[in-house]
*Asks:* 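Quick one: structure below, then a few questions.
Numbers restart at 1 for each chain; the letters A, B, ... are given by sequence-line order, proteins then strands. Excluded from the calculations below are hydrogen atoms, water molecules and symmetry mates; all remaining heavy atoms, backbone and side chain alike, are included.
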Amino acid sequence: MIRRATPRLQAYIVLGAGGLLAGAAFGRPEPAILVAPLLLAALAGILFAEDPGLRIDVTAPSDRLLEGDDVRLDIRLQASRRVPWLEVALVLPPDLIAADGIRARGLQLEPGVPRAYSVLLRGRRWGNHRIQGVVARARDRLGFFAFEARIDPGLVLRVFPRPESIRRLIQPAETQASFGNQTSRRAGDGIEFSGVRPYSPGDRIRSVNWRLSSRRTELHVNELHPESSTDVVILLDTFTDLAAEDQSSLASAVRAVTGIANHYLRRRDRVGLIAFGASIRWLTPATGLLQAYRIVDTLLDATATVSVSWKGIDLIPPGSLPPKALVVALSPLVDERMIDALFNLRARGFDVAVIEVRPESYVAEPSDAFGATARRIWELQRAMLRDRFARVGVAVAPWSFAVPLEPALEEISVFRRQGRLVLA
Amino acid sequence: LVRVLLDLRSGGLALLSGSIGDAALAILAAALLLGLPRLIGPALALLCVLYVERLFATGESDLGILALSGVGILLVGELAQWSIDSRVSGRYERGLHVSRGLGLMWLSLLGVASLALGLLAATAPVAGGLGAAVVAMAAVVAASAVISVAARRAGHPGREA
């Protein structure tokens with residue numbers, strides 16, 4: 001522990017010396033007698049100051065929690081000498097707060113008697129949050145010295161994003177060959193009725209539609225839609241993170257990604273993730289609970305760092321973008337590199353849908369006429385961008401953190417249904 | 001304390017002692033309001049100056065005022081520091097303040113005892129002349145230096161205890 005003298009001790013000694021000198025210089029005892037209590041207090045402070053031999057242990061029963069949930073942190077203290085005044089404070093990252101708002105405690109310790117208390121910590125935002133330290137300050141009996149120590153508990157709390165609740169998802173245009181829960185557009189073995197066709201050698205007898213065949217001169221068989229799986233690649237824009245108060249576009253997008261990924265994985269679809277930004281992180285599509293954990297792990301490290309280098313989709317490993325995959329992008333659509341990547345993906349034949357994390361939610365309302373005009377021009381430019389996407393068959397649904405994700409997904413589904421009708 | 005120490009015998013003296021007293025109160029208020037313990041020392045120094053000014057202006061030594069000033073200055077310093085120490089936001093056990101209060105009481109008793117001893121020593125007849133005064137002054141300076149060195153060593157910021 002580091003021992004520090006309080007400024008009061010120095011002041012007492014200086015005043016004491018000054019009083020003694022004044023008494024001697026003027027030949028009168030009163031100034032010396034006046035400062036005698038100060039000098040005696042300083043002497044007593046120096047004599048009684050002892051290192052308390054403090055020991056601090058910090059443990060957390062669990063290091064994982066969901067956004068908004070609480071986790072308990074146990075702090076155990078023990079001292080070899082009596083500590084009449086001990087202050088213990090936690091140094092927390094900004095996104096981890098004390099649930100009751102109290103980070104510091106003041107308590108007493110008896111020699112050799114351990115004391116423990118718990119602090120409830122709340123994860124405000126997803127991410128890996130390191131508890132930066134525990135600071136302890138023990139004062140001696142007279143408060144002239146402070147013994148300070150700072151320990152690094154080495155604890156990292158993993159705060160998982162709270163997924164957006166979703167009931168319906170975007171149906172992909174194409175499915176994969178493997179078995180799944182998504183009704184394929186192709187004809188084959190399945191449950192959903194597709195149509196009838198004349199019998200051809202090799203067709204199974206149980207597929208024959210006897211009612212229709214009895215009215216015709218030849219046999220007809222039923223055709224069915226097989227249930228196939230889907231490859232879904234979620235493209236997360238990490239070029240930009242727009243923030244306002246305690247909300248940010250990236251934080252909202254990550255919550256949406258978690259919800260979407262979990263939903264597709266529950267349907268036994270293969271889900272991949274590409275965090276596309278200054279650094280590119282990816283997960284090749286896979287299915288199962290393990291993939292859900294991998295996705296969350298990858299998202300916990302997602303941050304938007306400033307970069308001016310041009311990055312295109314050529315940098316994305318081909319394995320992470322399988323053919324016929326549905327690409328669901330979450331982006332505020334303010335970075336040219338992301339916009340260009342989305343157009344490129346569409347030009348390469350990928351089925352692309354964009355959930356636009358509305359940047360308007362993070363921009364202050366204009367305060368004057370000039371600002372209002374600029375805002376209007378910007379909104380028109382954004383409308384033009386959405387129109388450009390619509391013309392190449394990419395649905396763009398604006399979404400804000402203040403509203404559920406469901407309407408945005410429905411908007412994309414409606415666009416895609418109408419698009420098919422027009423194309424037919 | 002400032003009111004007791006004010007010298008109101010003439011307009012000029014009242015202005016002088018009043019200014020010193022006001023300055024002491026202003027610095028103490030700043031220390032308390034801003035939570036700056038470094039300002040406690042200057043405030044106490046001004047209170048000491050106020051007493052010395054009264055002592056030399058009147059020339060009379062009132063033991064009651066001396067005792068009140070000595071313990072009063074100590075209490076002002078201790079209470080101000082206690083107030084600033086309690087400013088850290090958090091949950092504090094009641095026992096902490098009880099313990100601090102007991103410590104302060106103990107210190108006050110020590111202060112009273114030291115005052116009594118000082119007064120006894122001052123009234124004791126000491127033989128000598130200018131030479132004895134010079135030796136006494138040297139002893140005082142040496143004692144102050146020893147205390148300062150001890151305090152400095154004890155309070156060295158980089159020292160691991």
*Asks:* Tell me, out of B:Gln81, B:His97, B:Arg94, who's got the most heavy-atom pairs with chain A below 4.5 Å.
*Replies:*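 Ranked by contacts with chain A, first place is B:Gln81.
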*Asks:* Measure across A:Gln108 and B:Gly95 and return the closest heavy-atom pair with its distance rounded to 0.1 Å.
*Replies:*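 That closest heavy-atom pairing would be NE2-O, 3.4 Å.
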*Asks:* Which pair of heavy atoms, one from B:Leu74 and one from A:Ala41, lies closest together, and at what distance?
*Replies:*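 Heavy atoms of B:Leu74 and A:Ala41 come nearest at CD1-CB, 3.9 Å.
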*Asks:* Please report the closest heavy-atom contact between A:Ala11 and B:Gly41, naming both atoms and the distance.
*Replies:*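 Scanning both residues completely, I find the closest heavy atoms to be CB-CA, 3.5 Å.
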*Asks:* When rounded to the nearest 0.5 angstrom, what distance separates CD in A:Glu87 from OG in B:Ser86?
*Replies:*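 Between atom CD of A:Glu87 and atom OG of B:Ser86 there are 8.5 Å.
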*Asks:* Using a 4.5 angstrom heavy-atom cutoff, name the option from A:Pro84, A:Ala149, A:Gly53, A:Gly101 with the most pairs to chain B.
*Replies:*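 Among A:Pro84, A:Ala149, A:Gly53, A:Gly101, the one with the most close pairs to chain B is A:Pro84.
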*Asks:* Can you say whether A:Ala44 sits under 4.5 Å from chain B via the side chain, the backbone, both, or neither, judging by heavy atoms?
*Replies:*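 Side chain only.
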*Asks:* With chain A, which of B:Leu102, B:Ile40, B:Leu44 has the greatest number of heavy-atom pairs at distances under 4.5 Å?
*Replies:*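 So the answer, after comparing B:Leu102, B:Ile40, B:Leu44, is B:Leu44.
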*Asks:* Would you name the heavy atoms of A:Val35 and B:Cys48 that are closest together and state the gap between them?
*Replies:*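 Distance-wise, the nearest heavy atoms are CG1-SG, 4.4 Å.
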*Asks:* Show, in sequence, the C-alpha distance, side-chain angles and deciding distance for A:Ile33 and B:Leu66, and conclude whether the side chain to side chain contact (heavy atoms under 4.5 Å, CB included) test is met.
*Replies:* CA-CA 8 Å; A:Ile33 296 170; B:Leu66 177 59; 3.7 Å; yes
*Asks:* Evaluate the criterion side chain to side chain contact (heavy atoms under 4.5 Å, CB included) for residue pair A:Glu30 and B:Ser69; output intermediate values, then yes/no.
*Replies:* CA-CA 11 Å; A:Glu30 289 87 350; B:Ser69 303; over 6 Å; no
*Asks:* I need the residue from B:Val71, B:Val52, B:Leu107 with the largest number of non-hydrogen atom pairs under 4.5 Å to chain A.
*Replies:*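 Greatest number of close heavy-atom pairs with chain A: B:Leu107.
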*Asks:* OG1 of A:Thr6 to CD1 of B:Ile84: how many Å apart, nearest 0.5 Å?
*Replies:*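 Going from the OG1 atom of A:Thr6 to the CD1 atom of B:Ile84 covers 10.5 Å.
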*Asks:* Any side-chain heavy atom of B:Glu93 sitting closer than 4.5 Å to one from A:Arg105?
*Replies:*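 When only atoms from C-beta onward are counted, A:Arg105 and B:Glu93 do not touch, as no gap falls below 4.5 Å.
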*Asks:* If you draw a 6.0 Å radius around CD in A:Gln78, do more than 12 non-hydrogen atoms from other residues or ligands fall strictly inside?
*Replies:*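 Result for CD/A:Gln78: enclosed.
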*Asks:* Rounded at 0.5 Å granularity, tell me how far CG in B:Asp85 sits from CZ in A:Arg8.
*Replies:*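 Between B:Asp85 CG and A:Arg8 CZ, I get 7.0 Å after rounding to 0.5 Å.
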*Asks:* Angle between ring planes, B:Tyr92 versus A:Trp85, binned at 30° and 60°: parallel, tilted or perpendicular?
*Replies:*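 It falls in the tilted class, 30° to 60°.
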*Asks:* Measuring from A:Leu34:CG to B:Ile73:CD1, what's the distance to the nearest 0.5 Å?
*Replies:*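 The CD1 atom of B:Ile73 is 4.5 Å from CG of A:Leu34, to the nearest 0.5 Å.
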*Asks:* Supply the atom-to-atom distance B:Arg91 CZ to A:Tyr117 OH, rounded to the nearest 0.5 angstrom.
*Replies:*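 B:Arg91 atom CZ to A:Tyr117 atom OH measures 10.5 Å (nearest 0.5 Å).
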